[in-house]
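These notes concern the structure reproduced below.
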Number of protein chains: 2
Amino acid sequence: MVSDSMDSRKAAILRAVVDEYVNCAEPVGSSHLARVAGIQVSSATIRNEMNLLEHEGYLIQPHTSAGRIPTDKGYRYYVDTFVNDIGDSDVLQFKSVEEFFTKAHGALAEMFSDTSRLLTNLTNYAAVVTGPSPETSLIRSIQLISLDPKRVLLLMVDSKGAVEKKVLELSDEVSESHLEMASALLTKKLRGVPLGSLVEAEVSGNPELDQLCVLSIAALKELQSETESVYIEGASKVASAFDAVDTVRRVLATLEQHFLVVSLIRDVLSKGQNVAIGSELGIEPLAECSVVVAPYVVEGERVGSIGLVGPTRMNYPKVLAAVNLVSAGLGKRLSEG
Amino acid sequence: MVSDSMDSRKAAILRAVVDEYVNCAEPVGSSHLARVAGIQVSSATIRNEMNLLEHEGYLIQPHTSAGRIPTDKGYRYYVDTFVNDIGDSDVLQFKSVEEFFTKAHGALAEMFSDTSRLLTNLTNYAAVVTGPSPETSLIRSIQLISLDPKRVLLLMVDSKGAVEKKVLELSDEVSESHLEMASALLTKKLRGVPLGSLVEAEVSGNPELDQLCVLSIAALKELQSETESVYIEGASKVASAFDAVDTVRRVLATLEQHFLVVSLIRDVLSKGQNVAIGSELGIEPLAECSVVVAPYVVEGERVGSIGLVGPTRMNYPKVLAAVNLVSAGLGKRLSEG
DNA sequence: CTTAGCACTCTATTCTATCGAGTGCCAACG
DNA sequence: CGTTGGCACTCGATAGAATAGAGTGCTAAG
């Protein structure tokens, strides 16, 4: 990496590139910027700066002799730096959100799916709303049962007697005795632990046992995410956001795996972030997507979260404003009712 | 239209064209059929027959010197004629459906969305499950209130005191006095009628009043559809079914309008059909789609329905088998619980 | 009635030539 | 020394021309 000296002019240029690219979806060139943006230098100077920005990893050229587009790092800088400039955006939007929440009524589930629809309509991206987590039940016991040499059924019984199950796919065959040992070990370690607060498996020495434990804990985490209620709306917006039908398919297929989306949102929030960009998501099929999330607060407690999924080339200011507005509105509404 | 004499060989050829096109998604030519299908005549003969089938409207050529693809009419004939040949399809599928319903558990809503997911996974098309209609409430009164010259708010109060509202968009301006007359007329005619069994508006003589009545009744029907619970899954399957991203967007946007989907399914069933093909749907953005539906029966009563939405180039035998299997399973499961 | 043969049509593919947006570099300028 | 106009260069996108081949309709013979 080159000496990152980000003076204010370079920052302004980076910002202009992001804004322009978000609008037009086409690589933006130096002369275009000189004309459009409020930057009072010649295109040659802009070219120099863009060159630097490229070497520092904020921009790339899709091919020589095209304009430039922001990298994930570029978007990240944009979000971190310029987001504070943004007031709560349009008044129009503000009013319609307020109106929505004063008129909203009906059951909780309806409230959430309506909120999800509101979000997707406000922003034209796909929206996610997670409901409050089910009361955290405690793990009582865990059983691993062989289905065939490489597939194992995980049974979890919780403190209320509910049984949840999940199939593990192993990479290597495992003996019955190992299964029994792992069952005992997991039950001993996890008994009384709430499903919501699982930590990583500690190493037990034996590699085969470890494999089982790691897989089991991963499966338990999935279970938790699966039992959470999720409302996702706006599939058609995904189809508008990308022009490769293949990307659309990949993204939609991923969004249909609710537990993935839930744990994605959880991960982002747990890092204290509210934006995750492209590769930062760590989910290959969503490499071209960004996620903007916010928790909503009822009686001082974060009970759930809302989020938007769109292309990395996303209108961050607008989306951040929408997410903040809606999460505040939702929290307030739920605190009253 | 030419003298439709559909002898058995022509029917076999039509069938083979549909089968082949469903598989390969490419126009099928005469020589290809002569090779692949179990038809023991030369390609020249097949060509002659295909020519006839085209003139009779069962097939078309996308362009001269491409193979042929079925028209909506072609699919219709295929479905009406050959569907009885089809046993309950794969045993594998049968078993997995049975297994699903013996293991199924959880709340009603969960049951429906799981069923929807089952359907979409079995078939690789988008699935729709409608829950039981809410207890049919009776209309108590109807009020039309002017918002601005061309927009009117319809208020409906039902027998339980619940208020539902809907905005009507008029093509012509309407006077206050007409609104009052229409309100009175509608209330008189519809008082005590269950929302579910609205019939078309009868003519009252006055054209302006009629416009209002027709619009109001349409709005009330929409209201009914909107309050029905719907579970739609498989957006990503839509993205796989079409290769024009624009078509994908259109179809997904339409599927997101739940009331449209619900009334579509209702319409198909009310005609005693269970398949609607392309233009038969009467919904422009779904012109390239087909819908296969089945009601499910609990304690002798049709309480809801399930359906699949895919491209007209859909695997009808498989989908019909799946729909029948699942509706039977769902009905049985709900009758027990 | 069926079928082999053939001329014909028209899309899809490939290749080439051209255009132009955008760049990097350099020399001149304030 | 930062800024700017000028310029040669690169490379994708677009348009046109040539070719290949799949598939047809028709005709004449079996």
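Each chain gets a letter, A, B and so on, in the order its sequence line appears, and its residues count up from 1. As a basis for the values below, the full set of heavy atoms in this structure was taken, side chains included, without hydrogen atoms, waters or symmetry mates. All values derive from a computational prediction rather than experimental measurement.
When the side chain to side chain donor-acceptor pair (under 3.5 Å) test is applied to A:E54, the partners found at least two apart in sequence or on another chain are A:R68. Residues forming a ring-ring contact (aromatic ring centres under 6.0 Å, His included) with A:Y75 (at least two apart in sequence, or on another chain): A:Y316. B:H258 is linked by a side-chain contact (heavy atoms from CB on, under 4.5 Å) to A:R117, B:V230, B:I232, counting only residues two or more places apart in sequence or in another chain. For A:S327, the side-chain contact (heavy atoms from CB on, under 4.5 Å) partners at least two apart in sequence or on another chain are A:A294, A:Y296, A:I306. Judged as a side chain to side chain donor-acceptor pair (under 3.5 Å), and not counting sequence neighbours, the contacts of A:N51 are A:H55. Listed by chain and number, the residues in a side-chain contact (heavy atoms from CB on, under 4.5 Å) with A:T64 amount to none (sequence neighbours excluded). Annotation: ring-ring contact (aromatic ring centres under 6.0 Å, His included) contacts of B:F242 (sequence neighbours excluded): none. Applying the side-chain contact (heavy atoms from CB on, under 4.5 Å) test to B:A276 and every residue at least two apart in sequence or in another chain returns B:V268, B:E280, B:L281. A search for ring-ring contact (aromatic ring centres under 6.0 Å, His included) contacts involving A:Y21 returns nothing, not counting sequence neighbours.
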Original post:
Is there a salt bridge (Lys or Arg N to Asp or Glu O under 4.0 Å) between A:R76 and A:D72 once you walk through the steps?
Top reply: CA-CA 6 Å; A:R76 167 56 63 194; A:D72 289 351; over 6 Å; no
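Here A:S30 lies in heavy-atom contact (under 4.0 Å) with sugar-phosphate atoms only. Residue contacts for B:T64: at a heavy-atom cut-off of 4.0 Å it reaches the sugar-phosphate backbone alone, with no base atom in range. Among the atoms of the strands shown, only primed sugar atoms or phosphate atoms (P, OP1, OP2) are found under 4.0 Å from some heavy atom of B:A66. Nucleic acid contact class of A:N48 (heavy atoms, under 4.0 Å, all strands): base.
Nucleotides of DNA chain D with any atom under 4.0 Å from a heavy atom of chain B span, from 5' to 3', D:dA22 to D:dG25. If you walk DNA chain C from 5' to 3' and mark each nucleotide with an atom closer than 4.0 Å to a heavy atom of chain A, the marks span C:dA21 to C:dG24.
Taking five base pairs at each end of the helix from C:dC1-D:dG30 to C:dG30-D:dC1 and finding the rotation axis that steps the C1' atoms of four pairs onto the next four gives two axes whose angle is 30°, to the nearest 10°.
Place B:A44 and B:H63 on DNA chain C by their nearest nucleotides, and B:A44 ends up nearer the 5' end. Both A:P27 and B:Q40 lie close to DNA chain C; mapped to their nearest nucleotides by heavy-atom distance, the more 5′-ward contact belongs to B:Q40.
Between the side chains of A:S236 and B:E256, at least one donor N or O sits under 3.5 Å from an acceptor N or O.
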